[in-house]
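Accompanying notes for the structure given below.
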Amino acid sequence: MTKLFINIKELIQVRDISVKKVAGTEMSMLPTIKNAFLLIKDTIISDFGSMDNLPKTSVDETIDVTDKMILPTWCDSHTHIVYAGNREQEFVDRINGLSYEEIAKNGGGILNSAKKLQETSEKKLYKQSAKRLEEVIALGTGAIEIKSGYGLTLEAELKMLRVIKKLKENYSIPIKATFLGAHAIPQEYKSNKEGYINLIIDKMLPQIAKENLADFIDIFCEVGYFSVEDTDRILSAAKKYGFIPKVHVNQFNSIDGIEISVKHNALSVDHLEVLSDKDLEILKNSSTIPVALPSCSYFLSIPYTPARKIIDNGLPLALATDYNPGSTPSGNMNFVVSTACIKMKMTPEEAINAATINGAFAMNLENNVGSICKGKLANFIITKEIPSYGFIPYSFGTNLIERVFINGKTID
Ligand code: NIG
Ligand code: FE
């Protein structure tokens with residue numbers, strides 16, 4: 001089945017397969033073709049170019065998209081969309097003056113979600129999670145990473161990861177699974193953190209590896225959660241199963257979590273709302289990609305990741321949602337891109353690069369998605385009629401997506 005899109009006002013993020021990510025000043029360049037065509041064959045992008053060079057071959061379907069733009073779907077490299085219920089009450093508690101950290105100390109936060117999840121059947125959890133996945137695909141997300149970490153028992157962590165596996169089987173967007181058993185210390189291990197870490201290392205990791213339930217390993221490396229030493233221990237243990245680290249670090253404190261993550265060749269370090277000069281230097285000498293989560297900063301009213309400092313030091317940066325019930329109950333990548341421009345002073349070019357090609361890199365999916373590239377999946381967004389691509393972040397809160405194509409097929 002061949003489909004030809006013609007009269008595309010601007011085809012955005014056109015790249016050669018050799019471009020795996022963009023860093024520093026490269027991030028300010030967004031290659032596009034004005035008045036373009038795009039040809040797809042079955043699930044794959046097979047050709048694109050200027051309308052002046054439109055191929056004369058016959059196709060099964062021709063779609064005229066005059067005045068509309070096409071860009072690759074968003075690549076959301078950090079989410080927790082498998083969760084049970086919500087934490088609306090904590091939202092109100094914060095409005096009334098409690099901080100996110102105070103709520104967690106009082107037994108709310110991640111432990112609150114863990115309790116709810118443990119009491120929810122796998123079937124119900126799947127249903128709630130699938131609904132969120134469908135919601136974000138409609139918002140233009142065409143590849144996603146999903147973490148466990150609201151189970152905190154062997155059984156409940158496996159339940160979460162099996163739900164992610166089912167989502168992988170039933171939905172056609174690329175999904176990567178991350179094991180985040182070290183998300184919080186469960187109540188019953190409050191005074192025995194070592195016991196919980198032993199459970200992760202001796203029971204959870206081997207079982208997850210045996211059932212092939214995870215691609216990545218994550219840890220919440222933070223004061224009051226898991227220390228640098230804990231992170232080192234867990235990442236060392238995870239290595240023998242081939243789980244690649246993607247680590248929650250520097251959300252509230254800089255405690256050398258970046259250093260230990262880089263030492264373990266982490267694919268990404270995520271959050272970085274607090275970033276020291278030492279952290280920056282370590283990142284400059286690494287291949288680990290920083291990931292910013294501006295919707296989390298927005299929702300919790302905490303500092304934004306210093307994107308300018310990161311990019312102006314020649315580093316790459318990816319943007320993701322962090323969709324979860326506590327710190328970011330939103331999976332809208334369009335809002336993330338807008339907020340990155342408005343609050344982090346990223347240009348539209350930088351933000352779009354960060355949310356597409358660099359997001360793909362942060363999930364090891366740079367050969368499959370993240371750019372309009374021959375051979376990559378035909379996962380792309382057709383916009384409504386817009387004057388320029390800068391209009392996407394500019395018109396924050398407005399849905400400018402007309403249609404989303406996944407594997408060459410439009411979604412309802
Ligand atoms: O990335 N910071 C750690 N984990 C999540 C939030 C967890 C929660 O509050 O449920 C995050 O923000
Ligand atoms: Fe997170």
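Quick note: numbers below take in every heavy atom, side chains included, and nothing from hydrogens, waters or symmetry partners. Note that the numbering runs from 1 along the sequence shown for the chain. Atoms within each ligand, like the ligands themselves, are counted from 1 in listed order. Just so it is clear, the model here is predicted, and its values are computed rather than measured.
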Numbered atoms of ligand 1 (with element) below 4.0 Å of Tyr150, judged on heavy atoms: 7 (C), 8 (C), 10 (O)
Minimum-distance pair of heavy atoms, taken over all atoms of Ile401 and Lys384: O-CE, 3.6 Å
Element-labelled atoms of ligand 1 that are located less than 4.0 Å from some non-hydrogen atom of Tyr100: 6 (C), 7 (C), 8 (C), 9 (O)
Minimum-distance atom from the Fe ion (ligand 2) among N, O or S atoms of His248: NE2
Reported CD1-to-CG distance for the pair Ile258 and Leu283, which is rounded to 0.5 angstrom: 5.0 Å
For Ile110, atoms of ligand 1 separated by under 4.0 Å from a heavy atom: 7 (C), 8 (C), 10 (O)
Contact check: Cys296 to the Fe ion (ligand 2), N/O/S below 2.8 Å: no
Heavy-atom neighbours of Lys190 NZ exceed 12 at 6.0 Å: yes
From CA spacing to verdict: ring pair (Phe, Tyr, Trp, His ring centres under 6.0 Å), Phe405, Phe380: CA-CA 5 Å; Phe405 275 76; Phe380 54 85; 5.0 Å; yes
Residues Lys246 and Asp218 bridged, charged N to O under 4.0 Å: no
Donor + acceptor pair across side chains of Glu349, Tyr389 (<3.5 Å): yes
N/O/S from His271 sitting under 2.8 Å away from the Fe ion (ligand 2): no
Under 3.5 Å donor-acceptor, Asn96 side chain and Asp93 backbone: no
Of the N, O or S atoms in Asp322, the one nearest the Fe ion (ligand 2): OD1
Numbered atoms and elements of ligand 1 in range of Ser327, under 4.0 angstrom, heavy atoms: 6 (C), 9 (O), 11 (C), 12 (O)
Numbering as shown, the atoms of ligand 1 that approach Gln251 to under 4.0 Å (heavy-atom distance): 2 (N), 3 (C), 12 (O)
Sub-4.0 Å heavy-atom approach of Tyr225 to ligand 1: no
Residue part near ligand 1, for Glu222, under 4.0 Å between non-hydrogen atoms: neither
Protein heavy-atom partner closest to atom 4 (N) of ligand 1 - residue, atom, separation in Å: His183 NE2, 2.8 Å
Per-atom contacts, ligand 1 versus His78 - under 4.0 Å to a heavy atom: 1 (O)
Show every donor-acceptor pair shorter than 3.5 Å between a side-chain atom in residues 169-178 and any protein atom, with sequence neighbours excluded, or say none if there are none.
| unit_1 | atom_1 | unit_2 | atom_2 | d |
| --- | --- | --- | --- | --- |
| Asn170 | ND2 | Tyr126 | OH | 2.9 |
| Tyr171 | OH | Glu134 | OE2 | 2.4 |
| Thr178 | OG1 | Glu145 | OE2 | 2.5 |

Contact (N/O only, under 3.5 Å) between His271 and ligand 1: yes
Salt-bridge contact Lys21-Glu26 (side-chain N to carboxylate O under 4.0 Å): no
Gap separating the CG atom of Asn334 from the OG atom of Ser338, nearest 0.5 angstrom: 7.5 Å
N or O pair under 3.5 Å between Asp322 and ligand 1: yes
